[in-house]
Amino acid sequence: MTRKAIKTRSSEAEAIRLHEDFGNTASPPSRTAGAAELRRTQPDRTRLLMLYKPRTDHPDQYSVVRQVCDLTLRVPFSSLETDRKLMSVGCRYGLYCITVHGEFVPDRHLTSPHIAKWLNSVSDDKRTTANYKSKLNILRLGRRPEIHTPRIAPSEPYEASEWRVYDRFARSGISADATAMIVLAGMLGLRPGEVAGATADRICVQENRVWMTVPDRDGVLRMVPGFGFAAEWLLAQKNSGAAYLVRPNLKKRSQVPSVVRKRVAKTMPEFENFSIDRARHTWLGHLLRSRIPLTAVYAVAGLTPGSTLPSDLMKYFVAPDDDEIWACMQRSARTSPLGR
C-alpha cells in the first residue's frame, strides 16, 4: 500500500477505538450482518482500512469511514490498492450523501438513482464516472459484479449461389491474390491470420496426397487436405517457390485481407465484401453436412474440445427430414433394424 493509502493523519489508536464503537452506531441490518465476524477474521485489513483519512475536515468523516470499512470488508480481498480505491470512492460518496440527504444509509443510498445523480455532479469524464460507478456497485454487492458476455454468433456461411460466384472468379485466374484467399479460406478452411501467414513451404505432397500444413497456436501442425482445384492450385504454388501465398511483398501481414479486397474490388466489385470467416464457415458447413466423423472435422479445422463453432453454425442449416435421418442412421447402425 502506498503512503497515500495509509493516511497517517489519524493515529492507529484513534482508528481502532473509533472502529470498536461501530457496534453502537445505527446501520441497516443487511449491511451490518456479520460485520463483527469480518473484523475479527481480518484484523490487519481492518486496521489499515480504518487508518484511511478522507481529504476533508467534515465532522462526520469518521462515521463514514466506519461504514465504508465494513462494506469493504465484505468484498473478497484482491489488493491493497483496490481496498484504497474502494475506501476513497465510498467515503467521498458517503460524505456527499450526508451533505445532501443529512445521512448516509448504504441500503438506501447505494442505489442506481442516487449514484447516478452524484456521478452527474462530480465529473463530465465518462471514464472517471464509470470507475466511480464500478467501485460503488462493488461496495453495494459485496463483490465484483459478474459480467456475462454474450456469445458472439459466427458469421453466416455463403449461400450456394453466392459461393459459386467466388468459385468461378478463383478459377478464372484474373487475380492471383483473390484466388489465393478464396482457396485458402473457402476450400481449405484457414482463418484470417492463417491465410495471411500461409507460405509455399507449408505445402506438402505425400504419396499423391496434397496437404496444406498449418501451425496451430501451440506450435503443432495440422494437416489440411486439398482436393480438385484446391489441390491443383497448391501444387502450382509449391513449384513457384513463392514465399507468402497472398500479397508476398506486403510487410504488414495483418493488412492482407483488406488490401486484397480493395485492389480486387476494382475488377470484381463483389469482392469488396468477401469475408474470410464466412468462406471458412462455408467450408466447415460442408464438412458438417457430409458423412465425416466429427473428430476428423475438429482435427482438420483446428478446433479444440469445447469449441462451440460447429453447434453455432447449425442454425444456418436446414434440418434433415425423417427419411434422410433414417438413411444416415441406418448406414452407421451396428445392427440391422429391429435387432436382426
Please check this pair: side chain of Asn137 against backbone of Lys133, looking for a donor-acceptor N/O pair closer than 3.5 Å.
yes
Pairwise side-chain contact, Asp83 with Leu48, heavy-atom cut-off 4.5 Å (strictly under):
no
So, is the end of the Arg253 side chain (NZ or CZ) under 6.0 Å from the ring centre of Tyr244 and within 45° of the ring's axis?
yes
Does the pair Val259 and Leu250 meet the rule for a side chain to side chain contact (heavy atoms under 4.5 Å, CB included), with working shown?
CA-CA 9 Å; Val259 170; Leu250 186 63; 4.0 Å; yes
Looking at SG of Cys97 and CD1 of Ile115, how far apart are the two atoms once the value is rounded to the nearest 0.5 Å?
8.5 Å
Would you check if Val165 and Tyr158 make a side-chain contact, meaning some heavy-atom pair closer than 4.5 Å?
no
Determine yes or no for a side-chain-to-main-chain donor-acceptor pair under 3.5 angstrom, with Tyr298 supplying the side chain and Ser307 the backbone.
yes
Identify whether the distance between the nearest side-chain nitrogen and carboxylate oxygen of Asp167 and Arg171 falls below 4.0 Å.
yes
Other hydrophobic cluster members with Trp211, side-chain heavy atoms of Ile/Leu/Val/Met/Phe/Trp/Tyr under 4.5 Å, chained?
Met223
Any side-chain donor paired with an acceptor under 3.5 Å for Asp277 and Ser275?
no
Quick check: do Glu324 and Cys328 have side-chain heavy atoms less than 4.5 Å from each other?
yes
Which of Leu110, Leu49, Leu136, Leu86 passes side chain to side chain contact (heavy atoms under 4.5 Å, CB included) with Leu71? It is Leu110
Using the rule that Ile, Leu, Val, Met, Phe, Trp and Tyr join whenever any side-chain heavy atoms are under 4.5 Å apart, tell me whether Leu188 and Leu235 fall into a single cluster.
yes
Does His114, at its NE2 atom, have more than 12 non-hydrogen atoms belonging to other residues, nucleotides or ligands within less than 6.0 Å?
yes
Taking atom SG of Cys69 and atom CZ of Arg45, what is their separation to the nearest 0.5 Å?
8.5 Å
Nearest-0.5 Å distance that lies between atom CE in Met314 and atom OG in Ser311:
7.5 Å
Look at Arg263 together with Asp177 and state whether they make a salt bridge at an N to O cut-off of under 4.0 Å.
no
When hydrophobic residues are tied together by side-chain contacts of less than 4.5 Å, even through go-betweens, does Ile292 share a cluster with Leu303?
yes
Hey, are Glu194 and Arg202 close enough for a salt bridge, meaning a charged N less than 4.0 Å from a carboxylate O?
no
Note: Ala301 and Leu284 closest approach over all heavy atoms is CB-CD1, 4.1 Å
Closest non-hydrogen atom pair, Ala185 against Trp283:
O-CB, 4.2 Å
Between Lys53 and Thr56 (side chain of the first, backbone of the second, donor and acceptor by atom type, cut-off under 3.5 Å), is there such a pair?
yes
Aromatic ring pairing His101/His109, orientation class (parallel under 30°, perpendicular over 60°, tilted between):
parallel
Could you see if Leu287 belongs to whatever hydrophobic cluster contains Leu294? Use Ile, Leu, Val, Met, Phe, Trp, Tyr and a side-chain cutoff under 4.5 Å.
yes
Please check: side-chain N/O of Thr129 versus main-chain N/O of Lys126, any donor-acceptor pairing under 3.5 Å?
yes
To the nearest 0.5 Å, what is the distance between OG1 on Thr72 and CE on Met50?
11.0 Å
Please check this pair: side chain of Arg74 against backbone of Leu139, looking for a donor-acceptor N/O pair closer than 3.5 Å.
yes
I would like to know whether Phe229 and Thr179 meet side chain to side chain contact (heavy atoms under 4.5 Å, CB included); could you show each step before the answer?
CA-CA 11 Å; Phe229 177 74; Thr179 297; 4.2 Å; yes
Closer than 3.5 angstrom, by distance alone: can the side chain of Thr213 be matched with the main-chain N or O of Leu221 as a donor-acceptor pair?
no
A side-chain contact here means heavy atoms from C-beta on lying under 4.5 Å apart; do Thr99 and His58 qualify?
yes
Quick one, Arg143 and Val75 - any side-chain contact, counting heavy atoms below 4.5 Å?
no
Contacts of Glu162 meeting salt bridge (Lys or Arg N to Asp or Glu O under 4.0 Å) (sequence neighbours excluded), chain-then-number -> Arg278
pair Val297-Pro310: side-chain heavy atoms closer than 4.5 Å
no
Do the side chain of Thr46 and the main chain of Gln42 share a donor and acceptor less than 3.5 angstrom apart?
yes
If you count every heavy atom of other residues, nucleotides or ligands that lies below 6.0 Å from Glu270 atom CD, does the total exceed 12?
yes
A side-chain contact here means heavy atoms from C-beta on lying under 4.5 Å apart; do Val300 and Pro225 qualify?
yes
Would a 4.5 Å heavy-atom cut-off, applied to side chains only, mark Tyr132 and Arg92 as touching?
yes
Between Ser172 and Phe169 (side chain of the first, backbone of the second, donor and acceptor by atom type, cut-off under 3.5 Å), is there such a pair?
yes
Atom CG of Leu190 and atom CE of Met212: how far apart are they, to the nearest 0.5 Å?
6.5 Å
Would a distance-only check, ignoring hydrogens and angles, find a side-chain to backbone donor-acceptor pair under 3.5 Å from Lys135 to Val89?
no
Check the angle between the aromatic planes of Trp163 and Tyr166 and answer parallel, tilted or perpendicular using the 30° and 60° thresholds.
tilted
So for atom CG, which belongs to Asp322, do other residues, nucleotides or ligands contribute more than 12 heavy atoms lying within a distance under 6.0 Å?
no
Using only atom types and a distance under 3.5 Å, with no angle test, would you say the side chain of Arg191 pairs donor to acceptor with the backbone of Arg280?
no
